[in-house]
Amino acid sequence: MKRFEGTVPDLLPVLSRGKHKSPRSGACFMEFASHLSGEAWSDHPACTHPVLASLARMVNDCTSDEARSRLMTLIPSVIGLRGDDPRVRLVVALRAATAGLPVVSADHQRALAVGILNCQRHLARMGEGDSDAVSDQVREAFERAPQTERWAREFMGSVGSWSRTRFTDRTAESIIRITVQGIAEACIPDTDERLYSLLSQAIDDTTRVLGKPEGEPLVMPQPLSPEVARRALRV
């Protein structure tokens with residue numbers, strides 16, 4: 001499979017929230033990815049693992065208008081990252097939960113703490129739960145929320161068999177949704193930077209599991225500012 005079958009348009013669409021009918025009306029992160037991959041215009045293209053694509057759509061929609069164009073630089077990195085390795089949903093969900101735990105509201109913290117332990121247990125069954133990368137990621141997150149960690153471990157111990165149920169794409173997407181919305185709603189000064197970093201790290205995690213897609217990587221041109229792009233579209 002070639003990594004990129006399409007071409008970079010002379011005029012980059014403006015990244016904006018939600019779905020768009022065509023590039024001339026704008027694009028979300030995954031719609032632009034579908035265009036670059038040569039697929040039909042869609043925010044659910046086949047070129048990217050569905051869980052990673054869900055994270056990209058949510059980050060796109062929750063990033064501010066002023067900062068969203070920066071996400072453009074990450075779009076080539078998701079094209080060709082697809083496959084059925086069950087670890088992908090786990091590493092993306094774990095990355096989201098550990099990123100959100102320190103800043104989301106108390107109620108959401110508990111949900112994410114349980115999600116972290118659940119991801120770690122499932123990864124352990126695949127031989128990765130005790131890896132240095134996973135252990136460090138979990139430890140660093142819980143160091144910033146020790147009381148939530150205690151609550152989550154007691155909860156997981158009390159439910160027993162529940163913690164051994166299947167971990168599906170829907171489970172991962174629930175964790176991602178809580179994280180991204182929680183970060184967006186948090187009273188912190190660096191919301192956009194945290195969302196960008198989350199997506200960037202999740203792409204790296206997915207690449208580590210699936211390997212780099214075949215083909216030459218595409219280097220995106222410098223994205224236009226939203227105002228400049230809007231003026232160009234009106235010409």
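Since this is a predicted model, take the numbers as computed values, not measurements. No hydrogens, no waters, no symmetry mates; every other heavy atom, side chains included, goes into these values.
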So which heavy atom on His49 is nearest to which on Asp85, and how close? NE2-O, 4.5 Å
CG of Asp43 to SG of Cys28: how many Å apart, nearest 0.5 Å? 5.0 Å
Find out whether Leu123 and Val91 are in side-chain contact, i.e. whether some heavy atom of one side chain is under 4.5 Å from a heavy atom of the other. yes
Donor-acceptor contact present, side-chain Thr48 to main-chain Val78, <3.5 Å: yes
State whether a side-chain donor-acceptor pair under 3.5 Å links Ser34 with Glu39. no
Think Arg70 forms a cation-pi with Tyr196, using NZ or CZ under 6.0 Å from the six-ring centre and within 45 degrees of its axis? yes
Taking the basic N atoms (NZ, or NE/NH1/NH2) and the acidic carboxylate oxygens, is any pair closer than 4.0 Å for Glu143 and Arg139? yes
Could you walk me through whether Thr179 and Val104 satisfy the side chain to side chain contact (heavy atoms under 4.5 Å, CB included) test, starting with their C-alpha distance in whole Å, then the side-chain angles of each, then the deciding distance to 0.1 Å, before giving a yes or no? CA-CA 7 Å; Thr179 293; Val104 301; 5.7 Å; no
About how many Å separate CZ of Arg121 and CG of Leu90, when rounded to the nearest 0.5 Å? 13.5 Å
CA sep, side-chain torsions, deciding dist, call: Arg144, Leu101, side chain to side chain contact (heavy atoms under 4.5 Å, CB included): CA-CA 8 Å; Arg144 303 183 65 179; Leu101 186 69; over 6 Å; no
Quick one, Val114 with Arg110, criterion side chain to side chain contact (heavy atoms under 4.5 Å, CB included). Give me CA distance, side-chain angles, the key distance, then yes/no. CA-CA 6 Å; Val114 170; Arg110 290 188 169 187; 5.8 Å; no
How long is the straight-line distance from OG1 of Thr191 back to CD1 of Ile183, given to the nearest 0.5 Å? 8.0 Å
Testing the basics here: between Pro45 and Met30, what is the closest heavy-atom pair and its distance to 0.1 Å? CG-CE, 3.5 Å
Mind checking whether Leu117 and Phe142 have side chains closer than 4.5 Å, heavy atoms only? yes
Approximate separation, where rounding is to 0.5 Å, of Asn60 CG and Leu71 CG: 6.5 Å
Please answer whether the main-chain N or O of Gly18 pairs with a side-chain N or O of Asp61 as donor and acceptor at a distance below 3.5 Å. yes
Here the pair of heavy atoms bringing Leu195 nearest to Cys62 is CD1-O, 3.7 Å
Salt bridge check: are Arg17 and Asp65 linked by an N-O gap of less than 4.0 Å? yes
Scanning both residues in full, the closest heavy-atom pair of Cys119 with Ile175 reads SG-CD1, 4.3 Å
Heavy-atom closest pair, residues Gly211 and Leu81: O-CD2, 3.8 Å
Would a 4.5 Å heavy-atom cut-off, applied to side chains only, mark Asn118 and Met156 as touching? yes
Tell me yes or no: between the side chains of Asp192 and Ser64, is some donor less than 3.5 Å from an acceptor? yes
Starting at CD of Gln120, measure out to CD1 of Ile116 and round the result to the nearest 0.5 Å. 9.0 Å
Nearest 0.5 Å, please: how far is CZ in Phe29 from OG1 in Thr63? 10.0 Å
Keeping the roles fixed (side chain from Trp41, backbone from His20), state whether a donor-acceptor pair exists under 3.5 Å. yes
Taking 4.0 angstrom as the limit, do Glu31 and Arg57 come out as a salt bridge? no
Give the intermediate values and the outcome of side chain to side chain contact (heavy atoms under 4.5 Å, CB included) for residues Leu55 and Val51. CA-CA 6 Å; Leu55 174 62; Val51 172; over 6 Å; no
Among Gln137, Arg95, Arg87, which residue meets the side chain to side chain donor-acceptor pair (under 3.5 Å) test with Asp205? Arg95
Non-hydrogen atoms of Leu112 and Gly100 that approach each other most closely: CD1-C, 3.8 Å
When you check the gap from the basic side-chain N to the acidic O, do Arg153 and Glu149 get nearer than 4.0 Å? yes
Do any N or O atoms from the side chain of Thr98 and from the backbone of Leu94 form a donor-acceptor pair under 3.5 angstrom? yes
